[in-house]
Amino acid sequence: MTTLTSQIKDIVSKLSLDEKISLLSGADFWHTVSIDRLNIPSIMMADGPHGLRKQKEDADHMGINQSYPATCFPTLATLACSWDRDLLASVGEAIANECKDQGVAIILGPGINIKRSPLGGRNFEYFSEDPYLTGQLASAMVKSIEKQGIKTCLKHFAVNNQETNRMISDSIVDDRALFEIYFSAFETVIKDAHPSSVMSAYNKLNGTYCSENSWLLKDLLREQWGFSGAVISDWGACNDVTESINAGLNLIMPKFPKAFAKELKKSIRSHKVPKD
């Protein structure tokens, strides 16, 4: 681990400021930026969570364009009715094998938000309204996928429980409900299954966008729960690049506009954002 850490520090020391900024955003809709001179490869991500969805040709946010053939498993809402950890592990292994076959390194899932309302447009993608059941089954799935060498992205952190106005909604929740209901499954999976990445949600949490929420991404996720992986924004969920980077967001997806890069460089030079 020490050797790996020193290798990473050595690579980072050789990066120019523009290269460092480029690595904070996607190269396109699904890939990270590659830097050939330092042998930093591009990494491909694709949607889950109950089957791989790797799009053909140009990607689109609505998922309208065609995708490569892959197995569509029963939705997580259906699989959760089994109460069967081994079954979820088997599904995870099968999905991981399809990721390897199609050259996908990170699958964006599973989704473990709690079903707060029957009107939630993505309730079918989430396991259950039961935090314990969700945590147990999601842990089994994440462990199985990661064991195959494919990385998972646990989503959507946090309290992303509606699709209507999801990019501007504000989830107002008191501490007891947060920790007993909405955070419980995330804490279980983070501590038990060690997913490689976590996706920050579109919505605000008690007044602050999740991608800009230092308490959520640093104090809770990293310091209290010990998460050591990458925090990736939901696609288009970064509103303020300076606030997001300072709050602990590691990768902004998809490729951010030139204005974001200019703003971030300005913030670094004015010491609003640490250079390293």
Side-chain angles (χ1 to χ4, degrees), residues 45-50 53 61-63 75-77 80 106-135 137-139 141-142 152-190 193 195 197-222 225 227 229-240 243-244 247-254:
M45 295 167 268
D47 271 336
H50 46 267
R53 186 177 75 90
H61 196 58
M62 299 300 294
T75 63
L76 296 184
I106 303 174
I107 186 162
L108 304 175
I112 64 170
N113 293 104
I114 297 299
K115 304 167 198 255
R116 182 170 59 188
S117 165
L119 302 178
R122 294 175 77 173
N123 280 351
F124 69 97
E125 286 190 20
Y126 302 140
F127 285 91
S128 173
E129 68 278 10
D130 182 331
Y132 180 78
L133 177 62
T134 296
L137 297 185
S139 287
M141 189 177 198
V142 167
T152 54
C153 187
L154 197 65
K155 64 184 186 181
H156 307 87
F157 193 56
V159 200
N160 184 178
N161 304 97
Q162 67 182 61
E163 290 300 290
T164 304
N165 297 321
R166 63 180 179 174
M167 301 186 80
I168 60 173
S169 64
D170 190 359
S171 301
I172 307 296
V173 189
D174 64 32
D175 283 351
R176 181 172 182 179
L178 276 177
F179 282 91
E180 292 186 1
I181 301 172
Y182 298 104
F183 286 163
S184 178
F186 280 99
E187 182 177 9
T188 296
V189 180
I190 293 296
S197 60
V198 168
M199 182 183 291
S200 61
Y202 285 116
N203 56 284
K204 296 177 182 178
L205 175 59
N206 291 333
T208 304
Y209 280 110
C210 291
S211 293
E212 303 168 13
N213 196 319
S214 180
W215 174 81
L216 183 68
L217 303 183
K218 284 185 177 180
D219 298 350
L220 180 67
L221 183 62
R222 295 200 182 277
W225 294 350
F227 178 70
V231 178
I232 304 172
S233 76
D234 205 339
W235 269 229
C238 176
N239 301 280
D240 186 312
E243 291 296 327
S244 292
L249 190 64
N250 302 121
L251 179 62
I252 297 168
M253 291 298 292

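Computed from a predicted structure; not experimentally measured.
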Without swapping roles, check the side chain of [X] against the backbone of [Y] for a donor-acceptor pair under 3.5 Å.
X	Y	result
Arg116	Glu129	no
Thr152	Leu154	no
Asp47	Leu108	no
Asn203	Arg166	no
Arg53	Gly48	no
Asp234	Ala201	no
Thr134	Ile112	no
Ser171	Val159	yes
Asn239	Met167	no

Can you tell me how far [atom2] of [Y] sits from [atom1] of [X], rounded to the nearest 0.5 angstrom?
X	Y	atom1	atom2	result
Lys204	Ile168	NZ	CD1	8.5 Å
Ser139	Ile190	OG	CD1	9.0 Å
Asn113	Tyr182	CG	OH	10.0 Å

Closest heavy-atom pair, Asp130 versus Leu133, reported as atoms and distance to 0.1 Å, is OD1-N, 3.2 Å

Phe183 and Phe157 aromatic ring geometry - parallel, tilted or perpendicular at 30°/60° bounds: tilted

Evaluate the ring planes of Trp215 and Phe179, with Trp represented by its six-membered ring, and classify them as parallel (under 30°), tilted (30 to 60°) or perpendicular (over 60°). perpendicular

